[in-house]
**Student:** 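Quick one: structure below, then a few questions.
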Amino acid sequence: MRTVDLHPPGGSVTVMRDGDIATVTLFHPDRLNAISVAMWRGLREHFERLSTDETLRCIVVRGAGGNFAAGADIAEFPEVRHGSAGVRAYHLDIIKPALQAVRDCPHPTVAAIDGVCVGGGLEIACHCDLRIATASARFGVPINRLGFPMAPDELAGLLALAGRAVTLEILLEGRVFGAREALQKGLLTRVVADGELAREISLTTQRIAQGAPLAARFNKRIIERLSPAVEPLTAEELDQCFAYCDTADHAEGIRAFLDKRLPRFVGR
C-alpha cells in the first residue's frame, strides 16, 4: 500500500493505492471538506494520472473526517471569483476540467458518501459511476441562497442522473435532503446503514476488481457513446449563463454567506 499526497493551502487531495484499487480522498475536514481551488486542481491532476495507469481496476472517491464534501470553498469566492472574467475562469478553467477528469476516467469509479454531500461535492459524486451512501448522509444544491445558478458543465452530471423534473426541484428549492430521498430521486446506487460504508465499499470494489478490466472500460466507453447526445451551448448561451455574476443579488448572496446572515435578494 502506498500513498501519494498533494498538500496545497486550504485543503488537500490524497491518493492511496492498495493493489489494483486507488482511493482518492478530499481532505479539508475543518470546513466539512469544502473544495478549494487547489483541491479542484489536485482532483484533476490525480484523476488524469490515474486514468493512464492500466494496472488499476477501480477508484474510490471519499471525503475525510466523516463528510464527503460541502461544496466549493465559498470563503475563496471574493478573491477567486472576482468580476465576470474571474467567475467564468473559476467554472470553466478550474471546476469543469476537474469534473471532466472524473467523468472521463476509463476505470470504474465509486463515490463513498458519508455526512454532507452538497453543491460541488454532489457534482463530483454525480460524475462517478456508482454512488453508495450511509443512511444519515445529506444531499442538495442550496446555491439559490447564494444568488447564482449552477454552471452548465456542473449541471450536466446532476441532470443526467436525476432528469429534468427532479433537477429543477433540487435547484429551485435549494433544499437539503436525506439519503433515502436521494436514492428515490436516482442520485444514489444504494444506501447502507451508518457504520457499514467501509465494508460495502470494500465488497463493491472487490466485485469490480474481480471482473475483466478491459470489459469494464469498454462498457463505460460504449454506454457514454450510446447516451443521448446534447448539442453544446453556443458562445452566446455560455455568455448568458455567466451574466448573473454582475448582478446585485450575486454579490449579496456571497456577502450574506460570509457574514452568516440571511440574504436580501432584490431581483437585479
Side-chain angles (χ1 to χ4, degrees), residues 13 15 20-24 26 35 40-62 68-69 91-113 117 119-133 139 141 150-168 170-171 182-183 185-190 201 204-235 237-238 241:
V13 179
V15 175
D20 50 16
I21 298 170
T23 299
V24 175
L26 307 170
I35 311 161
W40 284 115
R41 288 174 173 155
L43 184 69
R44 175 187 180 180
E45 291 168 10
H46 280 311
F47 261 92
E48 288 179 344
R49 178 179 56 80
L50 293 172
S51 292
T52 65
D53 187 346
E54 294 187 354
T55 67
L56 277 176
R57 298 203 173 188
C58 186
I59 300 173
V60 176
V61 183
R62 63 181 291 274
F68 189 77
H91 289 280
L92 297 184
D93 299 338
I94 296 172
I95 297 182
K96 176 182 176 180
L99 295 177
Q100 283 183 328
V102 177
R103 183 198 67 194
D104 295 343
C105 179
H107 313 302
T109 54
V110 182
I113 303 169
C117 179
L122 183 58
E123 292 169 7
I124 293 171
C126 285
H127 282 79
C128 291
D129 300 319
L130 305 180
R131 288 154 300 280
I132 302 174
F139 302 83
V141 187
M150 203 171 191
D153 295 287
E154 298 159 46
L155 178 58
L158 176 63
L159 183 61
L161 289 180
R164 180 181 184 276
V166 171
T167 298
L168 281 170
I170 291 171
L171 293 178
L183 181 66
K185 293 182 183 302
L187 298 178
L188 296 177
T189 305
R190 54 184 169 270
I201 293 297
T204 300
T205 55
Q206 287 175 30
R207 287 191 290 266
I208 292 172
Q210 288 167 1
L214 294 180
R217 295 170 200 162
F218 182 84
N219 283 334
K220 286 194 62 170
R221 186 166 64 249
I222 297 304
I223 288 171
E224 178 68 20
R225 179 69 180 84
L226 294 176
S227 297
V230 178
E231 289 294 323
L233 296 177
T234 65
E237 287 173 325
L238 200 56
C241 288

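Fair warning: this is a prediction, and the values are worked out from it, not measured in the lab.
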**Student:** Show your working on side-chain contact (heavy atoms from CB on, under 4.5 Å) between C58 and V110 and close with a plain yes or no.
**Tutor:** CA-CA 8 Å; C58 186; V110 182; 3.9 Å; yes

**Student:** Considering residues at least two apart in sequence or located in another chain, which fulfil the side chain to side chain donor-acceptor pair (under 3.5 Å) criterion with E123?
**Tutor:** none

**Student:** Please identify each residue that fulfils side-chain contact (heavy atoms from CB on, under 4.5 Å) with P97, with sequence neighbours left out.
**Tutor:** R44

**Student:** Under the rule for side chain to side chain donor-acceptor pair (under 3.5 Å), what residues qualify as partners of D129, not counting sequence neighbours?
**Tutor:** T109, K220

**Student:** Of the non-hydrogen atoms in I124 and L26, which two are nearest, and what is the gap between them?
**Tutor:** CD1-CD1, 4.1 Å

**Student:** Looking at side-chain heavy atoms only, is the closest gap between I208 and L130 below 4.5 Å?
**Tutor:** yes

**Student:** Between H46 (side chain only) and V15 (backbone N and O only), is there a donor and an acceptor less than 3.5 Å apart?
**Tutor:** no

**Student:** Do I94 and R41 touch side chain to side chain, with heavy atoms closer than 4.5 Å?
**Tutor:** yes

**Student:** For H107, which residues count as a ring-ring contact (aromatic ring centres under 6.0 Å, His included) partner, sequence neighbours excluded?
**Tutor:** none

**Student:** How close do W40 and G120 get, heavy atom to heavy atom, and via which atoms?
**Tutor:** CH2-O, 3.9 Å

**Student:** With rounding to the nearest 0.5 angstrom, report the SG to CZ distance, C128 to R103.
**Tutor:** 13.0 Å

**Student:** Short question: side chain of R57, backbone of T205 - any donor-acceptor pair under 3.5 Å?
**Tutor:** no

**Student:** For E54, look at atom CD and say whether over 12 heavy atoms of other residues, nucleotides or ligands are found less than 6.0 Å away.
**Tutor:** no

**Student:** With a 4.5 Å limit on heavy-atom distance, are the side chains of V61 and F47 in contact?
**Tutor:** yes

**Student:** Can you confirm whether F139 sits close enough to I170 that some side-chain heavy atom of one is under 4.5 Å from a side-chain heavy atom of the other?
**Tutor:** no

**Student:** Which donor-acceptor pairs under 3.5 Å do side chains of residues 153-166 form with protein atoms, sequence neighbours excluded?
**Tutor:**
residue	atom	partner	partner atom	Å
E154	OE2	H91	ND1	2.6

**Student:** Could you measure the distance from the CD1 atom of I201 to the CZ atom of R62? Nearest 0.5 Å is fine.
**Tutor:** 10.0 Å

**Student:** Work out which heavy atom in G121 is nearest to a heavy atom in A69; give both atom names and the distance.
**Tutor:** CA-CB, 3.7 Å

**Student:** Can you find a pair of side-chain heavy atoms, one from L50 and one from V24, that are under 4.5 Å apart?
**Tutor:** yes

**Student:** Heavy-atom distance under 4.5 Å between the side chains of F68 and L122, does that happen here?
**Tutor:** no

**Student:** With distance as the sole test, does R131 use its side chain to make a donor-acceptor pair with the main-chain N or O of L187 at under 3.5 Å?
**Tutor:** yes

**Student:** Pair I35, L43 - check side-chain contact (heavy atoms from CB on, under 4.5 Å), show working.
**Tutor:** CA-CA 10 Å; I35 311 161; L43 184 69; over 6 Å; no

**Student:** Return the set of residues passing salt bridge (Lys or Arg N to Asp or Glu O under 4.0 Å) with R207 (not counting sequence neighbours), or none when no residue passes.
**Tutor:** E200

**Student:** With side-chain contact (heavy atoms from CB on, under 4.5 Å) as the test, would you mind laying out the steps for T167 and M150 before giving the verdict?
**Tutor:** CA-CA 11 Å; T167 298; M150 203 171 191; over 6 Å; no

**Student:** Which pair of non-hydrogen atoms, one from L99 and one from H127, has the smallest distance, and what is that distance?
**Tutor:** O-CD2, 3.7 Å

